[in-house]
Every structure is written in C-alpha cells, then in structure tokens.
Amino acid sequence: RKRNVLFIMADDLRTSLGCYGDPVVKSPNIDQLASKSQVFLDAYAQQAVCAPSRTSMLTSRRPDTTRLYDFNSYWRVHSGNYTTMPQYFKSRGYYTMSVGKVFHPGIASNHTDDYPYSWSIPAYHPASFRFEKEKMCKGEDGKLHANLLCAVNVTEQPGGTLPDMESTDEAVRLLKTRASDDVPFFLAVGFHKPHIPFRIPQEYLSLYPIDQMTLAPDPNVPKLLPPVAYNPWMDVRKRDDVQKLNVSFPYGPIPKDFQLRIRQHYYAAVSYMDAQVGRLLSALDELGLADSTMVVFTSDHGWSLGEHGEWAKYSNFDVTTRVPLIFYVPGVNRFNEWLGEFTFSFVDVLTQSELSFKNAKVGRNVVELVDVFPTVSYMAGLGAPEPCPDVSFQEKLCTEGHNLAYTFQHREQG
Amino acid sequence: EDEEAISFSQYPRPADTPQVNSDLPDLKDIKVMGYSLRSWDYRYTLWLGFNPQTFQVNVSDVHAGELYMLAGDPGQDENIYSEPDHSVMMRKMASLP
C-alpha cells in the first residue's frame, strides 16, 4: 500500500528534548512521537550552519561534494546536478510539497526552494516571516527593537500570528487536500524555531521560571581550546538587547543573568515549536493518515547554550552538530498501540506539562544526516540510492550516507 | 558493518583566530577547514589548510587539533590533543571520504 511521508524539520534544534533525556525542556508532542518511533540518540549534522547542512542532508552528499560551506551558491550549477530526496520521491510518482524552511531559501536553493525539481507545487513561506527581521520586540522603553529575547503577545503581532503557526495551518490545509487522494505525498514542513530571534508567544516563558534556570555546566572557554575552533556568535551579538550589554569580542562572556534568560527563551521556543508539531501530528491522525504516513523529525543542526563560553552554531562541538532524528514508520515500529486510541493526540504543554512519554526503542549507533535520504527512501519502499563513487560530481543520484533500515531490527530497549 | 561507526562534521574558518567573519566566512575567505570524526568514544578534529579555489585540503598543513575522550569528558572541555600518541586517529583521518 502507499506510504506517505511527513518530513518535519526544526531550525537550530539541539537535542534539548524530553525524549533525548533533557530534564528541563518540555516537549510532550515530540516525545509522544518518539514513544512510537525509532529514536537515534547519536545523530550528527555534517556542518553546523543552515544552508550547508540542509543541502547536504537533502542531497545526501557531504559539504565537500556539494561544495557549499556558506550561503552563496546553488549546488546544481556550482558542484553537480544532484537529485534531492523530494525530487527522488517526485520522480517515483509522489506529490511533493514544501512548507516553511526546508531548503535554505535564497541563492542556496536558486531562490525557488529548488522548485520545480524537488516540488510538485511552489514552496510555501509564511507571510509573517518578513517581520522576523524587523523591530518587533517591545523593550523596557516601550519602543520596538530587534532583540534576541522577543516573547510577544501574538494578538498584537501583524496578522495576529507567527510564522510557525502559519506554516502549521498551511501544512494541515495541504494534508486535507491529499487525504483522500490515491497519489502518495511527501510533505516537508520546516519550522523556523528555535532559531533566533526568540520571537515566540510569551506564555511559553511561564514553563521556565527564571529562578529555576541554570547556566551551562561548562560556561567558560576551555583553556586548551584552539582559537580556530571558537565561534564568536556574531548573530547573537548583533541583536539590539545583546549589543546593549557591551560584551567583549570575541570571548565575552555574556553576563550570567542574561545567559539564564537566553536559556529560558531557547527552551520556551522549543516548547512553542513542539506545540506546532503536535498540531500537525494530531491533524495527520484525525485525517486518518497516521497508519499510512511515515513521519521523520529532525533538525539542521544544534545550538550552543553557553557551553564552552559559546552561543549559536558555527562549531564542531556536539552541542551544535548533534541533532534529533526520529523515524515513525507505521507497521514497522509503531509501539504502545491501543485499538481505538489516537496515535498522536495533541498535548497542550501549557495545561498538561506534567504529561510525559517514554521512548519505546532507541538506537545508540552513531549516524549522520546524510543517512536520512537513503533510509527514508528505503522505508517508503522506493529503494535507497546506490552509494556514491569516490568522485561523484557527475552522478545525479547516489548517497554518501548509509541506509539505516537494518538498525530498525537491532533496537535496544529504551 | 564491522567498521567503527563514525560521523563526519566539518566547519570552515577564515583565520586561526576569531574574527568577525569566523562564524560565516564566504567561500573565497575560507583558509582553514576543521574536520571532526565523532565516534562513540571520542571526537577528534584537525583544523587543516584549505584552498577555496581548488576545494582542496592540505593534510600536512595542520593548524590545530582537538581530541576529547567522551567517557570522562562528555562535554568536550578537556582537549588532550597535545598529550597522547594519537597516530591511530591520524590514520583514520587520512582515510576520510
């Protein structure tokens, strides 16, 4: 039977999730997904910055093969005309759709999110995203600033919404249009959070009282860290509220009270994004698609939360390269199933924060984001692309990753 | 499948010391590439000279190194690159894809 794919990506999400053992963060909807899925505990991005990582994952080629280390080239003309994961599905008869940030927008995806190669219809971007780079955060002076910390009253925002809310609405709308269609779909939904600025609904801050926040366990720059390994977190420094702190370049540090607030806002952004994942998954379930749709959840890379005296991504530390990687494959690893119950009930973290889920199965083997393409393809029944030869610039379809499907049969108890 | 499971990550830099474009150097400005091997037991990183015109890395041009043994240092705070004999790691790095 047909197997649809719902491919969900977060932006800058480290493994700060309940299902990855984080004791602070509240992520019940992703945890619920994990409780019915194969969870890879040690998955790593190939480069800890958006465009190179996304292009690498979606082509299953390493940055040295995409030759994309910055944001300024399109792989089809810069390195090779590589087939992407959604393009592969499209070529096999799937209806492919992109909502939000899947490819990195702009030059890196030819200003089209690689449409029409990868997608059956033009990619959707939430209209409210344009406000993300404007001064939208009310400061103590009552004026609007381009702050890092930007918890807002959503009803006061333009259109009364935020980008990830809009993306969820559109994704649900698209699911409804595909629910009764015989053509299988590949729907990719890229959420913008917890990427900075932390422009999020203010109520999510209440989940993380500031007096319960702690600093990173290792908040100082290690003595023997080579200077070349250090990233000076320029994007964080440039925000209005951080500039006001007059932090020294390059090593800082950020004042401790502000570090606590950054951590609070990052966790709140994760919970807000988790709620959007919950809305999306519950819609999938209510439309009767949970039994016929593979769900993949991951992120482009992680984010430093003060570890090693660093913030943001841009490094090779685990906190920036390690990512969540979760595969829900109906009929293969659906656990904790009770007849008649919903697979993905929406959990409102604001009113049900005590609810917790336990991972059913976890994989502890070290895996990579280049493994996603062959694994998803194989599990959907399309077959994984062949491994790339040593030099693959002329190869349109191949993988530099591994098909992880065999690990689904070698699970460890969580 | 008998091979040690390893992930490869990399990050470019424009210089050996932090500067304003260290986080996001343009291709033309990349002078150093940090390649990391991440296994279950360790993370080993070499920062190597890189030519942005040829996309070639110079494995004999080592700018810096990092080695973290994760059993005792999961946060990767104790860089022991300069301490042990890590010729085995060097050989692994030489066989990078």
Side-chain angles (χ1 to χ4, degrees), chain A residues 42-49 52 62-65 67-73 78-79 216-218 220 222-235 249-251 301 307-308 312-322 364-371 388 390 400 402 406, chain B residues 1 3-41 43-45 47-48 50 52 55-57 63-68 70 73-83 96-97:
Chain A
D42 280 283
Y44 295 88
Q46 273 49 76
Q47 188 179 326
V49 72
R62 299 178 190 282
D64 282 342
T65 309
R67 291 181 163 173
L68 181 68
Y69 312 107
D70 56 17
F71 291 6
N72 302 324
S73 57
H78 179 65
S79 54
D218 51 349
N220 300 315
K223 285 179 184 164
L224 296 177
L225 181 71
V228 71
Y230 183 85
N231 66 281
W233 32 280
M234 293 304 295
D235 56 349
F249 180 88
Y251 294 112
H301 45 73
E307 293 88 355
H308 324 106
K313 42 230 182 183
Y314 318 120
S315 83
N316 280 342
F317 277 110
D318 275 13
V319 285
T320 68
T321 57
R322 189 175 168 216
R364 296 183 183 279
N365 39 330
V366 173
V367 302
E368 308 178 281
L369 285 184
V370 286
D371 300 336
C388 291
D390 286 346
E400 293 187 74
H402 293 94
Y406 77 93
Chain B
E1 292 183 12
E3 291 176 5
E4 181 182 17
I6 287 176
S7 76
F8 300 94
S9 300
Q10 61 190 99
Y11 210 89
R13 296 280 187 234
D16 287 332
T17 53
Q19 52 189 50
V20 290
N21 64 339
S22 287
D23 291 343
L24 272 178
D26 288 341
L27 175 62
K28 64 179 171 41
D29 297 323
I30 297 172
K31 301 288 192 299
V32 185
M33 188 69 77
Y35 288 93
S36 285
L37 303 177
R38 176 60 164 83
S39 80
W40 180 255
D41 300 312
R43 177 165 73 84
Y44 182 70
T45 302
W47 295 88
L48 303 170
F50 181 84
F55 299 93
Q56 294 298 307
V57 70
H63 289 236
E66 298 170 78
L67 176 59
Y68 305 98
L70 302 172
D73 181 24
Q76 305 177 355
D77 293 293
E78 304 293 332
N79 180 14
I80 59 169
Y81 174 78
S82 59
E83 290 179 15
L96 267 171

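These figures come from a predicted structure and were not determined experimentally.
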Q. With a 4.5 Å limit on heavy-atom distance, are the side chains of Asp64(A) and Gln10(B) in contact?
A. yes
(Q) Which atoms of Val367(A) are under 4.5 Å from chain B, going by heavy atoms: the side chain, the backbone, both sets, or neither? (A) backbone
Output the distance between atom [atom1] ([X]) and atom [atom2] ([Y]), rounded to the nearest 0.5 Å.
X	Y	atom1	atom2	result
Arg43(B)	Asp318(A)	CZ	CG	6.5 Å
Asn21(B)	Asp70(A)	CG	CG	11.0 Å
Tyr314(A)	Leu24(B)	OH	CG	5.0 Å

Chain B: which of [options] shares the most heavy-atom pairs with it under 4.5 Å?
options	value
Thr65(A), Asn231(A), Asp42(A)	Asn231(A)
Leu224(A), Thr320(A), Val228(A)	Val228(A)
Cys388(A), Pro217(A), Ala229(A)	Ala229(A)
Pro232(A), Ala43(A), Ala216(A)	Pro232(A)

Compare every heavy atom of [Y] with every heavy atom of [X], then report the nearest pair and how far apart it is.
X	Y	result
Pro12(B)	Gln47(A)	CD-NE2, 3.5 Å
Pro18(B)	Pro250(A)	CB-CB, 3.7 Å
His308(A)	Asp77(B)	CD2-OD1, 3.0 Å
Ala48(A)	Tyr11(B)	O-CE1, 3.7 Å

Q. Sequence neighbours excluded, which residues qualify as side chain to side chain donor-acceptor pair (under 3.5 Å) partners of Asp26(B)?
A. Asn72(A)
Q: Only counting residues at least two apart or in another chain, list the ones meeting side chain to side chain donor-acceptor pair (under 3.5 Å) with Arg13(B).
A: none
Under a 4.5 Å heavy-atom cut-off, does chain A meet the side chain of [X], its backbone, both or neither?
X	value
Pro25(B)	backbone
Val20(B)	both
Trp47(B)	side chain

Q | Test item: Ser9(B) side-chain N/O and Ala45(A) main-chain N/O as donor-acceptor pair under 3.5 Å | A | yes
Q) Counting N and O atoms only, with roles assigned by atom type, does the side chain of Gln46(A) sit under 3.5 Å from a partner on the main chain of Phe8(B), one being a donor and the other an acceptor? A) yes
Q) Under a 4.5 Å heavy-atom cutoff, which of Asn79(B), Ile30(B), Asp23(B) has the most pairs with chain A? A) Asp23(B)
Q: Classify the angle between the aromatic ring planes of Phe55(B) and His78(A) as parallel (below 30°), tilted (30 to 60°) or perpendicular (above 60°).
A: perpendicular
